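All remarks here apply to the structure that follows.
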Amino acid sequence: MSIAIVDDDPIVCQSLATILTTTGAAEVLWTAHDGETAVGRYFETPSSRPDVLLIDIQMPGKDGLAAAKEILRKDSAARILFLTTFADRSYIAQAMALGAKGYLIKQDVAAVGPAIQAVMAGQVVMGAEVLGKLTGPAEVGGEPGGRPSTGFRPGASGLSDVSGHLDNRDNHGISGNRTGYGSTIHGLMADDARSVEETLNERERDIAALVAEGLDNRDIAHRLYLSEGTVRNRISAMLDKLGLTNRTQLAILWINTHR
């Protein structure tokens, strides 16, 4: 498994590269310190495209969000995992709207390896603090560029226990695109819960609420006395209706419109 690391702090790049290499978690193809360089390195040659791209949000010049958007526009199969000190709700929503595979806060170096493995297994991962930001009360003046979270703390708590359930992708029958999702989610988040309530029928709202709680398809099926296939098809239908790409985005939207 190969990765690339993009962070404006060379020490962070070196530390992550050393840890992931020496533990055998991944092979580091290259590192970069700004978004422009990252885009160039990613498309330099076919062999320079990593299995997973770890990227920070705030960097000089082209930031991580802009770089990720450009990469995903040219390579929709790119696996991008944001690793940053900023836990702003707006940043998280923008990152997931792009189609990122996850969003982690720089609190636990040991969590990065398992997160990369989860992404390679087809999951979307989110750290506990990220989920806390989404489910907690809205911040005052919650604009991007706010307070950074604490820095790297080896030995801190790992990934959220619900990440493996909340974030499994349901790609069957999904026709929504990333650009469509970006406009959809920002429009819906600006309104109240009626926007989602009017779009989804009663059974779909029941399923969406359980997705937001972190239940997987089997648990949802058991709770609502449905088959797993029915749940899977219902989720795909909801993603189409809302212009979303995966169940993580559905959960984020539900949480934000019902907090």
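Remember, it's a predicted structure, so these values are computed and weren't measured experimentally.
Side-chain contact between V39 and I71 is present, with at least one heavy-atom pair separated by less than 4.5 Å. Side-chain contact check for F82 versus L65: some heavy-atom pair is nearer than 4.5 Å.
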Between V6 and W30, does the side-chain contact (heavy atoms from CB on, under 4.5 Å) criterion hold? Intermediate values first, please. CA-CA 9 Å; V6 186; W30 49 265; 4.0 Å; yes
Begin from the C-alpha positions of M238 and L250 and carry the test side-chain contact (heavy atoms from CB on, under 4.5 Å) through to its verdict. CA-CA 8 Å; M238 284 188 281; L250 174 62; 4.2 Å; yes
Kindly indicate, with the supporting measurements, whether the criterion side-chain contact (heavy atoms from CB on, under 4.5 Å) is fulfilled by I235 and N217. CA-CA 9 Å; I235 292 175; N217 289 351; 3.4 Å; yes
L210 and D206: CA distance, side-chain angles, deciding distance, side-chain contact (heavy atoms from CB on, under 4.5 Å) verdict: CA-CA 7 Å; L210 295 177; D206 292 339; 5.7 Å; no
Go through E202 and R205 one step at a time and tell me if the salt bridge (Lys or Arg N to Asp or Glu O under 4.0 Å) criterion holds. CA-CA 5 Å; E202 183 178 0; R205 293 195 297 269; 5.3 Å; no
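Taking every heavy atom of both residues into account, N201 and R203 meet most closely at OD1-N, 3.2 Å. Considering all non-hydrogen atoms of both residues, S47 and L29 come closest at O-CD1, 3.7 Å. Pairing each heavy atom of A115 with each of L81, the nearest pair is CB-CD2, 4.1 Å. Across all non-hydrogen atoms, the minimal contact from P50 to A4 is CB-N, 3.6 Å. Residues L16 and V112 share a closest heavy-atom pair of CD2-CG2, 4.1 Å. In terms of heavy atoms, A100 sits closest to V124 at O-CG1, 4.0 Å.
The 12-atom threshold is exceeded at CD of E228, counting heavy atoms of other residues, nucleotides or ligands nearer than 6.0 Å.
The CG atom of L215 sits 11.5 Å away from atom CD1 of I207, with the distance rounded to the nearest 0.5 Å. Put simply, CG on L83 and CD1 on I55 are 10.5 Å apart, with the number rounded to the nearest 0.5 Å. Note that OG1 of T230 and CZ of R234 are 7.5 Å apart. Values are rounded to the nearest 0.5 Å. Here CG of L242 is found 8.5 Å from CD of E204. Values are rounded to the nearest 0.5 Å. Atom OG1 in T31 sits 7.5 Å away from atom CZ in R41 (nearest 0.5 Å). Here the CD1 atom belonging to I220 is positioned 12.0 Å from the CZ atom belonging to R232, to the nearest 0.5 angstrom.
When atom types are taken as modelled, the side chain of N233 and the backbone of G229 share a donor-acceptor pair closer than 3.5 angstrom. Between the side chain of T21 and the backbone N or O of T18, no donor-acceptor pair lies under 3.5 Å. The closest donor-acceptor contact from the side chain of S48 to the backbone of Y42 lies under 3.5 Å. Remark: side-chain polar atoms of D34 are paired, donor with acceptor, to backbone N or O of T37 under 3.5 angstrom. Without hydrogens or angle criteria, D51 side chain to S2 main chain gives a donor-acceptor distance under 3.5 Å.
With L54 as reference, L20 is the one residue of L20, V12, V119 to meet the side chain to side chain contact (heavy atoms under 4.5 Å, CB included) rule.
Salt-bridge check for K106 with D56: passed, with a basic side-chain N closer than 4.0 Å to an acidic carboxylate O.
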